[in-house]
Amino acid sequence: MPRPRKRPPGAAGPEKKGQSEKRTKSENLGEASAKVENSSLQKTSAFKKCGRNLTNYWLMKSEPESRLEKGVDVKFSIEDLKAQPKQTACWDGVRNYQARNFLRAMKLEEEAFFYHSNCKEPGIVGLMKIVKEAYPDHTQFEKNNPHYDPSSQEDNPKWSMVDVQFVRMMKRFISLAELKTYHQSHKATGGPLKDMALFTHQRLSIQPLTQEEFDFILSLEENEPS
DNA sequence: GCCAACGTTGGC
DNA sequence: GCCAACGTTGGC
């Protein structure tokens, strides 16, 4: 879903035109749910805390295997990020309101896990950091982009992106299967991954993590793969 | 390739 | 504003 690609504004590939669609209703829903998110109480998930913490942690999904969307390859792996100038790329293509709102909540220097999705071995592969806070995603205005949004106006862009920079690879690959095992047992024991968004909001491509979730996943690096 | 989960659209 | 139909995500 996020199709982060490094690309100067204005570049475009071959492909067909996007279809028109309604916008106002769902946009308002998106805005509203963003506010509701932060107002709810409790100490549990990053969802509830997000926006009130000094520092947030994130997990961002991208597809490491080639897949054509409207004729354009949306592949972007952590190796692709490493290969960019300054190992930095814009995280474009996010077209979900909840995910967008999390992008907009990201602050400079916050850390994010790079997660490989929709692939043979889904899981966390590395760490990156936010090096530019949210600004308009230029791909929403590019007619030939797979994520072109004809309902978005230049003077009031709907979609945002951030810039991320590669920090390091994980010391070992942390698979979805392993995380799921911990999530399952932590639901029973009250452990740190009991509310992890990867499982409680499975389709979200940009997700917040609590300090506890983040630290626990980092601690897994030191263990044998399970 | 299948399909569950879930977000979006649009008729009423 | 409801909700069925539809489209997308993403694991398996």
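Heavy atoms only: backbone and side chains are in, while hydrogens, waters and symmetry mates are out. In what follows, chains are A, B, ... by sequence order, proteins preceding strands, each numbered from 1.
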- A:F214: what forms a ring-ring contact (aromatic ring centres under 6.0 Å, His included) with it, not counting sequence neighbours?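 Scan of A:F214 (ring-ring contact (aromatic ring centres under 6.0 Å, His included), adjacent residues dropped) gives A:Y57, A:F113.
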
Given C:dT8, B:dT8, C:dG11, identify the nucleotide with an atom nearest to the side chain of A:S117.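 Out of C:dT8, B:dT8, C:dG11, the nucleotide with an atom closest to A:S117's side chain is C:dG11.
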
Report the nucleotide, chosen from C:dG11, C:dG10, B:dT8, that has the shortest atom-to-atom distance to any side-chain atom of A:Y97.
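It is B:dT8.
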
query = Quick one: side-chain hydrogen bond (donor to acceptor under 3.5 Å, both in side chains) partners of A:Q207, sequence neighbours excluded?
reply =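 By the side-chain hydrogen bond (donor to acceptor under 3.5 Å, both in side chains) rule, A:Q207 matches no residue at all.
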
May I have the distance from [X] (atom [atom1]) to [N] (atom [atom2]), rounded to whole angstrom?
{"X": "A:K180", "N": "C:dG10", "atom1": "NZ", "atom2": "P", "result": "13 Å"}
{"X": "A:H201", "N": "C:dG10", "atom1": "NE2", "atom2": "P", "result": "14 Å"}
{"X": "A:N96", "N": "C:dG7", "atom1": "CG", "atom2": "P", "result": "18 Å"}
{"X": "A:R67", "N": "C:dT9", "atom1": "CZ", "atom2": "C1'", "result": "8 Å"}
{"X": "A:K75", "N": "C:dT9", "atom1": "NZ", "atom2": "P", "result": "18 Å"}
{"X": "A:K120", "N": "C:dG10", "atom1": "NZ", "atom2": "C1'", "result": "17 Å"}
{"X": "A:R203", "N": "C:dT8", "atom1": "CZ", "atom2": "C1'", "result": "5 Å"}
{"X": "A:K70", "N": "C:dT8", "atom1": "NZ", "atom2": "C1'", "result": "11 Å"}

Looking at A:R172 and A:E221, is any side-chain nitrogen of the basic one under 4.0 Å from a carboxylate oxygen of the acidic one?
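A:R172 and A:E221: not salt-bridged.
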
Ionic contact status for A:D149 with A:K158, cut-off 4.0 Å: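 Judged by the 4.0 Å cut-off on N to carboxylate O distance, A:K158 and A:D149 do form a salt bridge.
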
**Asked** Does the side chain of A:K61 get closer than 4.0 angstrom to OP1 or OP2 of C:dG10 through an N or O atom?
**Response**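 It does, given that an N or O in the side chain of A:K61 lies less than 4.0 Å from OP1 or OP2 of C:dG10.
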
Partner set under side-chain contact (heavy atoms from CB on, under 4.5 Å) for A:K82, not counting sequence neighbours =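 In terms of side-chain contact (heavy atoms from CB on, under 4.5 Å), with neighbours along the sequence ignored, A:K82 is linked to A:E79, A:Q87, A:F166, A:M169.
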
### Message
Suppose we screen for side-chain contact (heavy atoms from CB on, under 4.5 Å). Which residues come up paired with A:H183, at least two apart in sequence or across chains?
### Response
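A:H183 satisfies side-chain contact (heavy atoms from CB on, under 4.5 Å) with A:K187, A:F199, A:T200 once adjacent residues are dropped.
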
Please list, pair by pair, any protein nitrogen or oxygen found under 3.5 Å from a nitrogen or oxygen in nucleotides 4-6 of chain C.
none

At under 4.0 Å between heavy atoms, what does A:F199 touch on the DNA or RNA strands: base, sugar-phosphate, or nothing?
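Answer is nothing: A:F199 stays at 4.0 Å or more from every strand.
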
N/O donor to acceptor pairs below 3.5 angstrom from side-chain atoms of residues 118-127 of chain A, sequence neighbours left out:
| residue | atom | partner | partner atom | Å |
| --- | --- | --- | --- | --- |
| A:N118 | ND2 | A:E63 | OE1 | 3.2 |

